[in-house]
Amino acid sequence: MSNKLMQAYQLLHEGILALSKAEEVGFRVDLDYINTTVDKLDNDLIQLEKSFKETKFYKHWCHSFGRQVNMNSDTQLRYFLYHVKRLKPPKLTENGEGSTDEYSLKALNIPELNQLVKIRKLKKIKDYLERFKREAVDGIIHPIFNLHLVKTYRSSSSNPNLQNVPSKDAFASDICRKALYPRKGHMLMEMDFKSIEVSIGVCYHKDPEMIKYLKNPKSDMHADVSKEIFLLDKFDKSISSHSILRKATKNGFVFPQFYGDYYKNCTKILCEWIKLPQSKWQRGEGMELDTKSFTIADHLISKGINSYFLFEKHIEKIERNFWENRFSVYREWKERNWNLYLKRGYIEFYTGFRCNGPMSFNDVNNYPIQGTSFHCLLWVFIQMDKIITENHLDTRLIGQIHDSIILDVRPEEKDYIKKVLRELSCERLPSHWDWIIVPLDVEIQEFPIDGSWSVKNS
DNA sequence: TGTTCATGG
DNA sequence: TATCCATGAACA
């Protein structure tokens, strides 16, 4: 075995040993809380379903399906909306069917569909709690972490999956995370790498423009692109609509572009973020820009972009500028990396891992960045495990979510743990791997002693 | 078993 | 080459 493959093997070997120890420790769950909360959710659901079933909308639906009617069937809902009622689907699924996802149901603007969305959300929350309960042994869940299942050499988690517990939706996040606790007398701590995929991407393509963004804390890539997309003269993060536009730019243009999306789809996602459907491009539509009910559509129209078609053209221009001027070195790397794959039939990561077999242009350029970013996290996880063992600490590693580490910390060890995590991530890691050419940064979050994993009120 | 939806990075 | 990687539930 080559030296590089040997190093890759070594990382997985040490990694899975450290992860298996975390699995053994696990996460304490509050079963009383889960039971009472599931009961509450059940009651709420019964009420919501009852009121939904009393609507004309549902009675009409019943009419189409008779005894077989099932309000949980998306197939029935799809048929009812797009065939019986002959509505135009706001969005299609991958296979060209009318979509019934949250965005589509909201866009159809039928009150009963909002009830359905609410029901779906509560069911989802209940589902997480029930999975925690099902997997608990003596009041502790032991999420599994795999290193052998993901084709990019990332990890995955199951039984239960600790890597997709709600966090973006504050309501769902709070309910689900209030079920999870550290060992008695201990506190949870979470360390995140800040935008690790951007940093590791730079280590591969070495685009000078992106290096500038990473090295200058005052610069803001998403704000700069946001100004272009939404034709803003100045950008002010403290204005709430600007911060939504920045988020839309980040999640609807910049990251999708990095991963290989193209302008037509980006236009669609951007419009989802600013709540401006293709069919409603007129004054007074879309998200509000200020309190005088001046909307994003008003703004764009005032700048001459008075249709979806023109907005798409505008985004096409921005895309061209994005790759031809702003990040041209990144684009050239993508081409070189693709050609290297065509020549050799495989791609190799800095960490020694190889991906073989048929891959698309996007795959070839994304896998190394995704995999290598996780390997940075895994390396820190392994070293932290060694330090805990060597120093006979009481703190335990209990999980990992791709770019973050979760620990169950003894309060007296808190400051030492934080110091070591920072040293490992920001100093020892970049000196261990010399291909790391930009500074790495982490964020460490502390939870109260005996507090839950909920950010709000633990 | 494949599709769709929802959750995370 | 037209958004990358997952898990899991419900349905058909």
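Numbers restart at 1 for each chain; the letters A, B, ... are given by sequence-line order, proteins then strands.
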Whole angstrom is fine here: how far is it from [atom1] in [X] over to [atom2] in [N]?
X       : N      : atom1 : atom2 : result
D74(A)  : dG8(C) : CG    : C1'   : 15 Å
K264(A) : dT1(C) : NZ    : C1'   : 17 Å
I401(A) : dC5(C) : CD1   : P     : 20 Å
F349(A) : dC5(C) : CZ    : P     : 11 Å
R131(A) : dA6(B) : CZ    : P     : 15 Å
L105(A) : dC5(B) : CG    : C1'   : 10 Å
L122(A) : dC5(B) : CG    : P     : 19 Å
K334(A) : dA2(C) : NZ    : P     : 12 Å

Under-4.0 Å side-chain N/O to phosphate OP1/OP2 contact, S157(A) with dT7(C): no
dA6(B) phosphate, OP1 or OP2, under 4.0 Å from K121(A) side-chain N/O: no
Pick base, sugar-phosphate or nothing for [X], based on heavy-atom distances below 4.0 Å to the nucleic acid.
X       : result
N159(A) : sugar-phosphate
N365(A) : nothing
Y367(A) : sugar-phosphate
S167(A) : sugar-phosphate
V165(A) : sugar-phosphate
Q257(A) : nothing
L162(A) : nothing
E97(A)  : sugar-phosphate
F255(A) : nothing
S373(A) : nothing

Can we say E49(A) and K53(A) salt-bridge, meaning some charged N sits less than 4.0 Å from an Asp/Glu carboxylate O? no
Below 4.0 angstrom, N of the basic side chain to O of the carboxylate: do R331(A) and E324(A) qualify?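 Salt bridge: no.
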In this structure, is the centre-to-centre distance between the rings of F253(A) and F322(A) below 6.0 Å?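 They qualify: ring centres under 6.0 Å apart.
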Ring centroids only, cut at 6.0 angstrom: are W281(A) and F309(A) within range, meaning strictly under it? no
Return the minimal non-hydrogen interatomic distance between S157(A) and P143(A), and the atom names on each side.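 For S157(A) and P143(A), the tightest heavy-atom pair comes out as OG-CB, 4.2 Å.
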Do the side chain of N164(A) and the base of dT7(B) come within less than 3.5 angstrom through a donor-acceptor pair of N or O atoms?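 Check passes, donor-acceptor contact within cut-off.
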Checking only heavy atoms, does the side chain of R154(A) share a donor-acceptor pair with the base of dG9(B) at less than 3.5 Å? yes
Y259(A)-dT3(C) aromatic stacking (under 5.5 Å, under 30°): no
